[in-house]
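Both backbone and side-chain heavy atoms feed into the values below; hydrogens, waters and symmetry mates do not. Numbering of residues begins at 1 and proceeds along the displayed sequence.
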Amino acid sequence: MLRRWTFAQRVGAGLSACLLAGLILLATLVSATHTLAVDDGAFLHHVSDILVGLLGLGALIALVMVLRNALGPMHEEALRSEQRLHLFMDGVSDYALCFLEPDGKVSCWSTGAERLTGWTSSDIVGQRAEVLHVPDAVTHGLPASHRERAARERRLQSEGWRLRKDGSRFWAETLLTALYAEGGTLQGYAEVTRDITERKRTERMQALLAEAGRVLQPQAGAKELGAALTRLCVPEIADACVLYLPDGSGDVRPGAVTCADAATQTRLWEPLMRRPSLDEPGPARVVHTGRAERFAEVDPDRLPPSVSDSASAELWRALGVRSALSVPLVVDNRVLGALCLLSTRPHRHYGAVDQAFLEELSARAALALDNARLMAATQNALELIGVAAHDLGTPLSSLQLRLRRVRLQCAPAHTDDTRLREGLLLAEEETKRLGRLVHNLLDLSRLSGGRLVLEAQPMDLAELAHEVASRHEDQAAAAGCALTVHAPSGARGRWDRQRLDRVLTNLVSNALKFGRGQPVEVHVDVDEDAHRIRMSVRDHGAGIPQEAQQRLFTRFERVTTDSRAPGFGLGLYIVRQLVEAHGGTIRVHSRLGEGAEFTVELPFTPETPAEVVSSIRA
């Protein structure tokens, strides 16, 4: 057991033994002296006792001096350690340091703790640590639970709300360490606390901005965007959020409202619909000036004079607003609206950091709203193009048939009039080109609007290739191109015939346009092992530069400036979209001076004989 004693305990035990021995020797000397004083003849008999007592007393005094010299440095070291501890606790101002008794009472309180919480050492020492926790945590027994876990696990790191002396809250990161004596007895706890409210707020803001990037998609539409924006802010950074948008008359109206309390939200619309003035603080002035407004601390019982008579006063009183922040939604120096945050919690007040974050969020929201407006306008334009292209298709088809009929009827009777024959042929080709443009615009409208629906049916790609080539015989003759088709039988499957007709038509038309005077070849090959079918159109024209091949299939992209080959750069873009809609791919291989070859690969499932027979009968 003695081996567990510290050096100080051993010295203390030695001093106690010396003191006891000294008392015994002193008692012996007093007794001997008393005997000599009473009986003078007893001196010789007690001389030895007196000498032994004096010798023992001298040895005892020497031992005491030795022990005192040993205890002196220990005492000084203890004083220095205590002084260093106080200097450490007073010098660390960014952390709150305190010691707790095993029952949770505060026994030591640092200067940093005073600065962080507002409690002085005289205020807090002797009280239980529960006064530092919010009421909800105390009700659920969290402080005691944390001490129990720290005693069991030796240390516990946690985060949560803490209270200051003035009642305000801060988000704290705490390290609670259990202190045990050498015998294993719990002596108390050491608690280190720091305020990480700003860090937590920054992390929350970054998470909100990331979430905003996910939910604020312009494809959703302006109304859906407004609702998503207000839902994003509640209850994370506000108890109520209102998005105000300007109307046609110059006033602002609530476009979206979200409140943490659903019952309260139904009562907000009446005060929200009141028309605010430009002279009073509120969304109207924010939209008009383009400048944010912030009320950091508001007393619900006594509103600021500038607000008490405004249209926002009834709304603030209904909610019990304690802090408010309004920022404009600005994009390209245009104010699209105002986003208003309202807080009803005593510990949540909007500061400069919150304003900077909300301005960043509103900038992203404004950009998304503007993009949604542009996309809606673009979609309307595409729908108009689609309707116009659809309406132009029927008269163009009729015009093509009439021109062909006139050319076939009149040409034999005027064999010597080459100008009439060439004019009719040119007119027919122009109507065909116009027809392809109309069909491309129609497909573009459907693709952009997401309304393209494939109508798969049994068909033969070899038959389709021959049909497309026959339609281009006159164009091939006019271009001086020998158009040949290499398409063996057995290329049957289920595809959208009209869309694949458009694919081949665009590819063959381009090959004839850019391969004038050179042969054009159409190939259809079947790879039954890979369940793939391959269509290729090859010309022997000027070819396509390597750097242009990467952007060849983008919208409105043309790789030639030849005025004899007009176009809008839609054909290959639509070809790619239609091929990919079938689950296929398209690629180009070309070298300058050697022409170009476009290859389309489509997945297919070979038809059974019964399907082939039924499709033929149909």
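- Between the CZ atom in Arg322 and the CZ atom in Arg345 there is a gap of 12.5 Å [rounded to 0.5 Å].
- For CZ of Arg204, the number of neighbouring non-hydrogen atoms (other residues, nucleotides, ligands) closer than 6.0 Å is greater than 12.
- The environment of CZ in Arg152 is crowded: more than 12 heavy-atom neighbours from other residues, nucleotides or ligands sit within 6.0 Å.
- No side-chain heavy atom of Leu361 sits less than 4.5 Å from a side-chain heavy atom of Leu208.
- Within the 4.5 Å cutoff, the side chain of Leu216 has no heavy atoms near those of the Leu367 side chain.
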Legend entry - side chain to side chain contact (heavy atoms under 4.5 Å, CB included) between Val321 and Ser312, intermediate numbers included: CA-CA 11 Å; Val321 172; Ser312 303; over 6 Å; no

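- Taken to the nearest 0.5 Å, the CG atom of Leu179 stands 9.5 Å off from the OH atom of Tyr189.
- Thr344 approaches Asp239 most closely through the heavy-atom pair N-OD2, 2.7 Å.
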Inset, instruction - List the steps, then state whether side chain to side chain contact (heavy atoms under 4.5 Å, CB included) holds for Ile124 with Thr117. - result: CA-CA 10 Å; Ile124 199 69; Thr117 65; over 6 Å; no

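- For the atom pair Thr120 OG1 and Trp109 CH2, the distance stands at 9.5 Å (nearest 0.5 Å).
- Side chain of Arg169 to backbone of Arg348: no donor-acceptor contact under 3.5 angstrom is found.
- A salt bridge links Arg147 to Glu130: at least one charged side-chain nitrogen sits closer than 4.0 Å to a carboxylate oxygen.
- Within a 6.0 Å sphere centred on NZ of Lys105, other residues, nucleotides and ligands contribute 12 heavy atoms or fewer.
- Of the candidates Leu243, Val242, Val234, Val234 is the only one forming a side-chain contact (heavy atoms from CB on, under 4.5 Å) with Thr258.
- Smallest separation of non-hydrogen atoms from Leu303 and Pro300: CD2-O, 4.2 Å.
- Interatomic distance, Glu191 CD to Ser110 OG, rounded to the nearest 0.5 Å: 10.5 Å.
- Here the options are Arg164, Arg162, Arg115, the test is side-chain hydrogen bond (donor to acceptor under 3.5 Å, both in side chains), and the partner is Asp195; only Arg164 passes.
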Legend entry - Residues Arg231, Val215; criterion side chain to side chain contact (heavy atoms under 4.5 Å, CB included); working and verdict: CA-CA 10 Å; Arg231 286 196 303 267; Val215 301; over 6 Å; no

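- Within the 3.5 Å criterion, the main-chain N or O of Asp123 finds a donor-acceptor partner in the side chain of Gln127.
- The line from CG of Leu319 to CG of Asp261 is 9.0 Å long, rounded to the nearest 0.5 Å.
- Across all non-hydrogen atoms, the minimal contact from Tyr244 to Pro254 is CD2-N, 3.8 Å.
- Contact between Leu342 and Ala324 at its shortest, heavy atoms only, is CD2-CB, 3.8 Å.
- The minimum heavy-atom distance between Val307 and Pro281, with the atom names listed, is CG2-CG, 4.0 Å.
- With a 4.5 Å cut-off on side-chain heavy atoms, Pro246 and His288 do not count as touching.
- Counting heavy-atom neighbours within 6.0 Å of Arg149 CZ, excluding the residue itself, gives a total of 12 or less.
- Salt bridge Arg294/Asp354: absent, no basic N to carboxylate O contact under 4.0 Å.
- Applying the side-chain hydrogen bond (donor to acceptor under 3.5 Å, both in side chains) rule to Gln157 yields the partners Glu173; only residues at least two apart in sequence or on another chain are considered.
- Counting only distance, with no hydrogens or angles, the side chain of Tyr350 and the backbone of Ile237 share a donor-acceptor pair below 3.5 Å.
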Inset, instruction - For Ser306 and Phe295, run side chain to side chain contact (heavy atoms under 4.5 Å, CB included): C-alpha distance rounded to whole Å, both residues' side-chain angles, the deciding distance at 0.1 Å, then the answer. - result: CA-CA 11 Å; Ser306 59; Phe295 292 87; 4.1 Å; yes

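- Within the model, atoms CD of Glu293 and CD of Gln355 stand 10.0 Å from one another, a figure rounded to the nearest 0.5 Å.
- The side-chain heavy atoms of Leu163 and Leu132, taken from C-beta on, include no pair separated by under 4.5 Å.
- Remark: side-chain polar atoms of Ser362 are paired, donor with acceptor, to backbone N or O of Leu358 under 3.5 angstrom.
- Within the 3.5 Å criterion, the main-chain N or O of Ser168 finds a donor-acceptor partner in the side chain of Asp166.
- More than 12 heavy atoms of other shown residues, nucleotides or ligands fall within 6.0 angstrom of atom NE2 in His349.
- Here the closest heavy-atom approach between residue Val286 and residue Pro328 is recorded as CG1-N, 3.6 Å.
- At least one donor-acceptor pair closer than 3.5 Å links the side chain of Ser323 to the backbone N or O of Ala296.
- Asp370 places a side-chain heavy atom less than 4.5 Å from the side chain of Arg334.
- The pair Arg199-Glu203 meets the salt-bridge criterion, since a charged nitrogen lies less than 4.0 angstrom from a carboxylate oxygen.
- A salt bridge links Arg214 with Glu211; the closest basic N to acidic carboxylate O contact falls under 4.0 Å.
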Inset, instruction - For the pair Trp171 and Glu159, evaluate side chain to side chain donor-acceptor pair (under 3.5 Å) and give the outcome as yes or no after the intermediate values. - result: CA-CA 7 Å; Trp171 190 264; Glu159 293 183 6; 3.2 Å; yes

